[in-house]
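A short write-up of the structure that comes next.
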Amino acid sequence: IATNNPAQDHPRSWMGIPIIAGGEFLGFLTIDKANPDFFTKEHLQSAEDIIGQTAMLIQNAQLLRETHQRTAELEAIVTLSASLRETVEVEALLRIILEKVLPLVNGVYGGIFLVEPETGEMVIRGTMPYKPELIGLRQSVHDGISGYVARTGRVYIAPDIRNEPLLKIAPEESLLLKTLRTAINLPLRAEERIVGVLHLN
């Protein structure tokens with residue numbers, strides 16, 4: 001593209017080339033020049049040749065970054081498994097789970113309900129950050145998101161927990177809604193039995 005507007009000193013010529021790799025648009029490169037009518041078909045061809053090679057490098061870099069991310073997740077899981085084998089106390093075990101898993105989803109709060117065998121009720125046994133006022137709170141397995149996940153064994157994602165129809169919280173938990181909006185809730189299994197629910201927010 002050439003522009004001949006006398007009021008515009010720079011740029012006077014402009015060239016834009018899309019960066020595409022594997023049919024996917026990655027971005028674009030722009031080049032400008034103070035001289036009008038500067039760029040030729042040869043300039044465009046040279047730029048496209050360079051961009052073609054650059055696009056492959058960008059795509060490879062993205063794949064490498066994704067691989068590193070997956071590797072970090074796997075390492076966290078392996079570390080978690082090793083830590084659990086060395087842990088005897090339940091509270092310490094739950095703290096390790098939250099410390100390892102919460103960063104994987106960029107979460108700011110995590111909580112764990114465990115099903116109490118004697119009563120069948122769900123009890124909060126761990127939080128991250130630690131909130132002592134929540135430890136020991138009880139909820140029926142028939143109520144709320146926790147109850148749904150415990151009964152069905154299905155992962156449940158709440159895009160906006162403030163407008164979540166399944167949400168049921170105790171008064172002590174109400175302050176959390178001021179800072180939390182999205183939640184993913186996962187069943188905790190021991191063999192074929194669901195023993196609790198993990199909340200990541």
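All residue numbers refer to positions in the sequence shown, counting from 1. Predicted model, so just to flag it, every value in this text is computed and none were measured.
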Residues G153 and P187: closest non-hydrogen pair is O-CG, 3.3 Å

Pairs where residues 115-137 contributes a residue and the test ring-ring contact (aromatic ring centres under 6.0 Å, His included) is met, not counting sequence neighbours: none

H142 meets the ring pair (Phe, Tyr, Trp, His ring centres under 6.0 Å) criterion, sequence neighbours left out, with none

To the nearest 0.5 Å, what is the distance between CG on L198 and CD1 on I112? 5.0 Å

Between CG on residue L180 and OG1 on residue T182, distance to nearest 0.5 Å: 9.0 Å

If you look only at pairs with a residue in residues 147-158, which of them pass as a side chain to side chain donor-acceptor pair (under 3.5 Å), with sequence neighbours excluded? Y156-E164

Heavy-atom check, side chain of E173 versus side chain of L134, under 4.5 Å: yes

Going through the distances and angles, do V101 and L200 end up as a side chain to side chain contact (heavy atoms under 4.5 Å, CB included)? CA-CA 8 Å; V101 177; L200 303 173; 3.6 Å; yes

Show, in sequence, the C-alpha distance, side-chain angles and deciding distance for M122 and R138, and conclude whether the side chain to side chain contact (heavy atoms under 4.5 Å, CB included) test is met. CA-CA 6 Å; M122 307 189 69; R138 293 175 173 271; over 6 Å; no

Name of the residue among V123, L94, V197 meeting side chain to side chain contact (heavy atoms under 4.5 Å, CB included) with L114: L94

Which pair of heavy atoms, one from Y109 and one from L102, lies closest together, and at what distance? O-CD1, 3.5 Å

Is there a side-chain contact between R125 and V90 (heavy atoms, below 4.5 Å)? yes

Go through I17 and L44 one step at a time and tell me if the side chain to side chain contact (heavy atoms under 4.5 Å, CB included) criterion holds. CA-CA 8 Å; I17 305 98; L44 179 60; 4.1 Å; yes

Nearest-0.5 Å distance that lies between atom CD1 in I19 and atom CZ in F28: 8.5 Å

From CA spacing to verdict: side chain to side chain contact (heavy atoms under 4.5 Å, CB included), T30, W14: CA-CA 7 Å; T30 65; W14 182 91; 3.4 Å; yes

Do you know which two heavy atoms are closest between G144 and Q139, and how far apart they sit? CA-NE2, 3.7 Å

Please give me the minimum heavy-atom distance between I184 and I157, naming the atom from each residue. CG1-CG1, 4.0 Å

Report the C-alpha separation of H43 and S46 in whole Å, then their side-chain angles, then the decisive distance to 0.1 Å, and conclude whether the side-chain hydrogen bond (donor to acceptor under 3.5 Å, both in side chains) test is met. CA-CA 5 Å; H43 287 129; S46 297; over 6 Å; no

Nearest 0.5 Å, please: how far is NZ in K33 from CE in M15? 11.0 Å

At what distance, to the nearest 0.5 angstrom, does NZ of K168 lie from OG of S146? 11.0 Å

Treat each ILVMFWY residue as a node, draw an edge where side-chain heavy atoms are under 4.5 Å apart, and state whether I194 and L93 are in one component. no

Side chains of I135 and T127, heavy atoms from C-beta outward: is any pair under 4.5 Å? yes

OG of S13 to CG of N35: how many Å apart, nearest 0.5 Å? 7.0 Å

Within a 6.0 Å radius of atom CZ on R162, are there more than 12 heavy atoms belonging to other residues, nucleotides or ligands? yes

Test side chain to side chain contact (heavy atoms under 4.5 Å, CB included) applied to L166 and I161, I145, N185, the passing residue: I145

